[in-house]
Structure formats: structure tokens, C-alpha cells
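Everything on this sheet refers to the single structure shown next.
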Number of protein chains: 2
Amino acid sequence: MTARETNPNFMNGVPELLILKLLQKEEMYGYEIVQALRNRTDAVIAVGEGVVYPVLHSLERDKALKSRRKIVNGRSRIYYMITPAGLRRFADLSETWTNLAVAIQQMLTGAQYDKAFS
Amino acid sequence: MTARETNPNFMNGVPELLILKLLQKEEMYGYEIVQALRNRTDAVIAVGEGVVYPVLHSLERDKALKSRRKIVNGRSRIYYMITPAGLRRFADLSETWTNLAVAIQQMLTGAQYDKAFS
DNA sequence: AATTATACCTAGTGATTCAAGGTATATGTC
DNA sequence: GACATATACCTTGAATCACTAGGTATAATT
């Protein structure tokens with residue numbers, strides 16, 4: 001058996017990344033996030049509430065977000081805002097994503113430089 | 001309940017995409033593919049054999065690939081080559097991936113055009 | 001009065017990746 | 001000859017995570 005060194009579930013974590021990105025600009029509530037993602041990506045990214053709410057809860061559990069309840073128009077909303085830990089997490093995820101996207105793009109466009117020389 | 005219309009597991013299928021890409025240029029065998037992915041992406045994408053072999057089998061089951069056994073240096077290898085169906089599948093996956101990557105990149109770089117007017 | 005939109009939630013399923021094994025032969029090293 | 005490493009195939013089981021499909025409740029619209 002050779003050494004393994006793979007990446008832990010390298011394709012996941014994008015909803016988390018995008019949510020953290022949105023919350024960097026302003027506090028938002030779950031329902032709002034669901035629609036923001038849909039609208040701002042032309043429905044290319046259309047994650048439902050079943051994805052967003054659990055991610056929000058898990059991020060809050062990890063202290064990457066905090067929340068406060070707020071009544072607007074007689075409706076109870078839970079606004080989430082990002083913490084310093086959340087910012088760090090965003091930076092990590094963001095870098096990981098970028099590396100991945102670049103690597104895939106290079107593969108697809110066929111960038112040839114086998115680097116057998118190092 | 002509102003209409004849902006999400007995308008089925010929108011983050012997956014990248015190993016499949018990359019394998020199809022590699023096989024577009026030349027026939028390859030599983031072990032070779034594992035290392036090619038690692039080498040050509042500087043280990044950013046390091047999927048193990050436990051990912052590659054099942055994907056190859058499933059693609060062959062779907063007639064996207066066909067295979068032939070070949071003995072080289074007394075070693076038995078199974079070479080895979082892409083079929084017309086595989087080319088179509090690649091085109092689909094490739095487009096899906098590109099759309100996704102563009103959407104995410106726009107979100108991350110903060111392209112503002114809320115398109116509340118349509 | 002009934003439907004739609006807002007706003008929260010979770011349980012269960014399914015797809016897929018990852019870790020960790022297993023088999024067998026060839027090659028290189030001590 | 002003995003041993004480790006590299007090549008080359010494979011699968012099982014756990015974990016992750018997104019998706020489906022529900023559920024509750026209030027406000028606004030028809």
C-alpha cells in the first residue's frame with residue numbers, strides 16, 4: 001500500500017463558503033440567504049432551505065456565526081452575523097476553493113507542463 | 001411549500017469529469033489515471049484508487065467508456081477509452097461545471113448586479 | 001375563505017468520497 | 001534468498017453532505 005494523502009471530501013463546503021461570503025457584507029436571515037443565492041447566481045446555485053438552515057446552525061455551533069432574533073412587520077427573523085472565527089474559516093474555504101477551481105480549469109483547458117523536472 | 005427546483009447534488013461529479021477529460025486524449029488505465037491527476041494538478045486533486053476504480057466501472061456500465069485488457073511487461077492492465085456517449089457526457093458535465101465555477105467566482109469577487117429588473 | 005408568501009425547522013434518503021483494507025506480480029536492495 | 005517497494009487490480013464500510021419532502025406558524029393577497 002502506498003501513502004494516501006488525499007483531500008477530505010474535496011468537493012464539498014460550497015454552500016458554507018457562499019453563506020459566509022454573503023454575511024461578510026451584512027447580516028442576513030436564512031430565508032433571505034436562500035433567495036439571495038438564487039437571485040445573484042441566476043439560479044445556477046439553487047440550494048434550498050434544507051441546505052441553508054443546517055449550515056447556519058452548524059456554523060453557529062462552531063462560533064463562526066452569531067445570531068439575534070428580530071421582529072420585522074410582525075415576523076420573527078433570525079439574523080446571522082459573521083465572527084472573527086467565521087472570517088478565518090471563510091479565508092480557508094475560499095483559498096481551498098480557488099486552488100481547486102484553478103486546478104480543474106487547467107485540466108479542462110489542457111495546460112501541458114508535466115513538471116517531470118523539479 | 002414553495003416550488004423547489006434545486007440542482008441534484010451540484011458539487012459532485014468532478015472526478016468523473018476529469019477522468020473523461022483525460023481519456024479524451026488517449027486511452028489510459030486506472031492506476032495511471034490516479035497518478036496523472038495527482039501529478040498534473042500538483043496534488044491539489046488527489047483522488048485515490050477507491051474513487052477512480054468505481055467511477056471507471058460505473059462509466060463503463062453506462063457505455064461512456066469501453067475497455068480492453070493488455071499485458072505490458074508481464075503486468076495486466078485494463079485500458080479505458082471514451083465512447084461517443086462518453087463524449088456527450090463530458091460535454092454536459094463540462095458545461096455544468098463551468099457555469100457553476102463562474103457563478104461561484106462572481107459571488108466571491110462580489111459582482112453586483114442584483115437584476116431586480118427583468 | 002382560501003391561497004400564496006414569508007419564515008422557521010428536521011428527518012430520512014441517496015449520492016459520492018474517503019479510509020483502509022485485500023490480492024498478485026515485478027523490481028530493487030541487502 | 002529475504003524483504004521492501006512499486007505496480008496494478010479490487011471492494012467494503014464509514015462519513016459527509018446535499019436533496020427531498022415533509023412540518024409549523026403568521027401575514028398578505030385574492
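To find a chain, count down the sequence lines: A is the first, B the second, and so on, and within it residues start at 1.
- Residues A:Ala46 and A:Arg38 come closest through the heavy atom pair CB-NH1, 3.9 Å.
- Nearest to the side-chain atoms of A:Gln35 among the listed nucleotides D:dA8, C:dC9, C:dT6 stands C:dT6.
- For A:Leu23 against A:Ile33, the heavy-atom pair with the smallest separation is CD2-CD1, 4.2 Å.
- Between A:Asn12 and A:Tyr79, the residue anchored closer to the 5' end of DNA chain C is A:Tyr79, taking for each the nucleotide with the nearest heavy atom.
- Closest of all the heavy-atom pairs between A:Leu59 and A:Ile19 is CD1-CG2, 4.5 Å.
- The separation between B:Glu16 atom CD and C:dT17 atom P is 8 Å, rounded to whole Å.
- The CZ-P distance, from A:Arg69 to C:dC8, rounds to 9 Å in whole Å.
- Contact between the side-chain N/O atoms of A:Tyr29 and the OP1/OP2 oxygens of C:dA7 is found at a separation under 4.0 Å.
- Note on A:His57: a side-chain N or O is less than 4.0 Å away from OP1 or OP2 of C:dT10.
- Summarising the geometry, the separation between CG on B:Asn39 and C1' on D:dA6 is reported as 14 Å, rounded to the nearest angstrom.
- Between the P atom of C:dC9 and the CD atom of A:Glu32 lies a distance of 14 Å, rounded to the nearest Å.
- Residue-environment remark: NZ (B:Lys63) stays at or below the threshold of 12 foreign heavy atoms within 6.0 Å.
- Across B:Arg77, B:Arg68, B:Lys66, a single residue satisfies salt bridge (charged side-chain N to carboxylate O under 4.0 Å, His left out) together with B:Glu27, and that is B:Arg68.
- When the P atom of D:dC17 is taken as reference, atom CG of A:Leu93 falls 10 Å away, rounded to whole Å.
- Dashed line: the shortest gap from a side-chain N or O of A:Arg77 to OP1 or OP2 of C:dA7 is under 4.0 Å.
- The separation between A:Ile78 atom CD1 and D:dT24 atom C1' is 14 Å, rounded to whole Å.
- A:Tyr53 places its OH atom 17 Å from the C1' atom of D:dA18, with the value rounded to the nearest Å.
- Projected onto DNA chain C by closest heavy-atom contact, A:Arg75 and A:Val51 fall at different nucleotides, the more 5' of which corresponds to A:Arg75.
- Between A:Pro54 and B:Tyr80, the one whose closest nucleotide on DNA chain D sits nearer the 5' end is B:Tyr80.
- Within the 4.0 Å cut-off from OP1 or OP2 of C:dC8, not a single side-chain nitrogen or oxygen of A:Tyr31 is found.
- Note: CD (B:Glu49) to P (D:dT12) measures 16 Å, nearest angstrom.
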